[in-house]
Amino acid sequence: MINQDFPYAKEIFETVIENAFAGIVIVNAEGIVIYINENYCHFLKVSREEAIGKHVTNVIENTRMHTIVQTGVEEISDLQYIRGNYMIASRIPIFADGKVVGAFGTVMFRDTKEWNEMNSSVRQQLTSIHGFLEKQDETGAKYTLNDIVSSSRKIHVLKEKVKSIAATDSSVLIRGESGTGKELFAHSIHQLSQRSEKPFVKVNCGAIPEQLLESELFGYEEGAFTGAKKGGKKGKFLLANNGTIFLDEIGDMSQHMQIKLLRVLQEKEVEPVGSVKTIPIDVRVIAATNRPLEKMMQENKFRDDLYYRISVIPFDIPPLRERLEDLEPLVGYFIKKISLRTGKRIAQIHEDVMKVFYHYHWQGNVRELENVIEAAIHLTVGETMILEALPEYLCNTSLFKENQTLKEMLDETEKRIILSALTQHHGDKRKTATALGVSKSTFYEKLQKYQLSY
Ligand SMILES: Nc1ncnc2c1ncn2[C@@H]1O[C@H](COP(=O)(O)OP(=O)(O)OP(=O)(O)O)[C@@H](O)[C@H]1O
């Protein structure tokens, strides 16, 4: 403890507390704020003059400082929700003359950016808690990073990227072939963002006829057109207000709608069909497509200005055939999931089945794999899935691919063989190299060449 007689004791205390990593508040026995550091005031967006002298419940959201002075029991590392963030709060009673004379509270944060990143990480931990997920489900977002099953380096890097960009409000453009998991990523970004408790609204721009898309996105006024509902209808942008809108298949949007959408994103306001009024909106946009937008821009089919506005943070999800390391965990995951649903137990998969999986081209990506496994589970007699349960086309794949050179086809085949061998030897590199009849150094060179992160 610092000697109180030290000439600058007061200044030392004040400097330490003012510059502390945490937000600090002290209340008296009645729960009145008698001290609060500048850091905390800044975060709460109140001035110190405003805060001091007020009951703590009027200054800090969801506080329990006033109960600490009543119970005299400390609370350490409690999760407290303040100003849209989860904070880690500790509250300690102050005793003097045998009674509680006040309480001292701290909340952890440093600056908004740092806090945002920390907050995304806390959310990620929370997503494994059942109750939290149920609550999130009400917003429309169903999946989290935990639902993205993988063991490939490529997907690992993308999942890390989600954690670091989720807290920003920038637009995200997710690219990837059909069935690669674009929607899973969109949900996960929302779940880890500051908007996670607000709505997540999906619109499939490719599935809605052009005439309807405008009113679907921006809503309409009563009497806007024949057949319009009484009282009008709210558009998806308004339903997503303060949350996230997921514009799936954005590459399928007509030129006319692209102009309308760009206006909304620039002005941050929507104008329902048939209305003369505009409504301000605050929505984060996540768009997805499997179309070649750059080529479409060259052909004047997709607007450059819209492209640059939606693609602030790009995500490219590789097709399944370029991350065959994910096959094994995905197969295990789908078998478990489908077995639970259908009540049919599959204990193992014959190695020939896995070989076919490694050789197949997976044009439909993870979705196709899930469908193949579901069909095969139904056709499996007994507890082992064997070749006969697979659809015939899967086993008769031609080695020749129209759009590949011989070198590319050979490389792809080599990669598949290595992966298949590694799986059979449970990832043991020494045994796999021996089985393939190559030296360890050649084997490691190949692993590096094909970026196999086993
Ligand atoms: N890594 C993964 N782990 C678990 N399930 C996955 C994974 N990737 C995709 N899926 C599953 O595959 C199916 C397709 O995924 P999703 O709808 O996200 O793909 P998409 O790229 O958005 O497809 P589309 O472009 O056709 O809309 C879903 O059932 C999803 O749950």
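Remember, it's 1-based here, ligands and their atoms both numbered in the order they're listed.
- Close approach of ligand 1 to Tyr333 is summarised as follows: ligand atoms under 4.0 Å from at least one heavy atom of the residue are 4 (C).
- Of the N and O atoms on the side chains of Asn290 and Ser178, not one donor lies less than 3.5 Å from an acceptor on the other residue.
- Going from atom OG1 of Thr180 over to atom CG of Asn365 covers 5.5 Å, rounded to the nearest 0.5 Å.
- Closest heavy-atom approach to atom 11 (C) of ligand 1 within the set Arg175, Lys337, Glu370: this belongs to Glu370.
- Of all protein heavy atoms, the one lying nearest to atom 23 (O) of ligand 1 is Gly179 N, 3.0 Å.
- Proximity of Phe185 to ligand 1 is not established, as no heavy-atom distance is less than 4.0 Å.
- Here's the thing with Val366: none of its N/O atoms is less than 3.5 angstrom from an N/O atom of ligand 1.
- Closest heavy-atom approach to atom 30 (C) of ligand 1 among the candidates Leu320, Leu184, Leu145: Leu184.
- Considering backbone and side-chain N/O of Val149, one or more are found under 3.5 Å from N/O of ligand 1.
- At a 4.0 Å heavy-atom cut-off, ligand 1 touches Leu330 through the side chain alone.
- Within ligand 1, counting atoms from 1 as listed, the ones closer than 4.0 Å to a heavy atom of Ile148 are 1 (N), 3 (N).
- Closest to atom 20 (P) of ligand 1, if we only count protein heavy atoms, is Lys182 N, 3.5 Å.
- Counting only heavy atoms of the protein, atom 27 (O) of ligand 1 lies nearest to Asp248 OD2, 3.6 Å.
- The cationic atom of Lys161 (NZ for Lys, CZ for Arg) lies less than 6.0 Å from the six-membered ring centre of Phe315 and within 45° of the ring axis.
- With no hydrogens or angles considered, a side-chain donor-acceptor pair links Ser254 and Glu210 at under 3.5 Å.
- For the residue pair Glu183/Tyr143, the side-chain donor-acceptor check at 3.5 Å is not satisfied.
- Within a 6.0 Å sphere centred on NZ of Lys336, heavy atoms belonging to other residues, nucleotides or ligands number 12 at most.
- Residue-level proximity to ligand 1 for Tyr143 is absent, since no heavy atom of it falls below 4.0 angstrom.
- Protein heavy atom nearest atom 4 (C) of ligand 1, with residue, atom name and distance: Asp147 O, 3.3 Å.
- Between atom 16 (P) of ligand 1 and the options Gly181, Ser152, Pro329, the minimum heavy-atom separation is to Gly181.
- Using modelled atom types, one finds a donor on one side chain and an acceptor on the other under 3.5 Å when comparing Ser441 with Ser439.
- Considering backbone and side-chain N/O atoms, Asn290 never comes within less than 3.5 Å of an N/O atom of ligand 1.
- Relative ring orientation between Phe246 and His187 is described as perpendicular, the plane-to-plane angle rising above 60° on a 0-90° scale split at 30° and 60°.
- Using a 4.0 Å cut-off between heavy atoms, Phe334 contacts ligand 1 through its side chain alone, with no backbone atom that close.
- Shown are Lys234, Lys260, Lys202, Lys233; of these, the salt bridge (Lys or Arg N to Asp or Glu O under 4.0 Å) with Glu216 is made only by Lys233.
- In this pair, Phe302 and Tyr307 present their aromatic rings perpendicular. The plane angle is above 60°, beyond the 30 to 60° band.
- No hydrogens or angles considered: a donor-acceptor pair under 3.5 Å links the side chains of Gln404 and Glu412.
- Here the shortest heavy-atom distance to atom 24 (P) of ligand 1, taken over Glu177, Glu368, Glu183, Arg367, belongs to Arg367.
- For atom 26 (O) of ligand 1, the nearest non-hydrogen atom of the protein is Ser178 OG, 2.7 Å.
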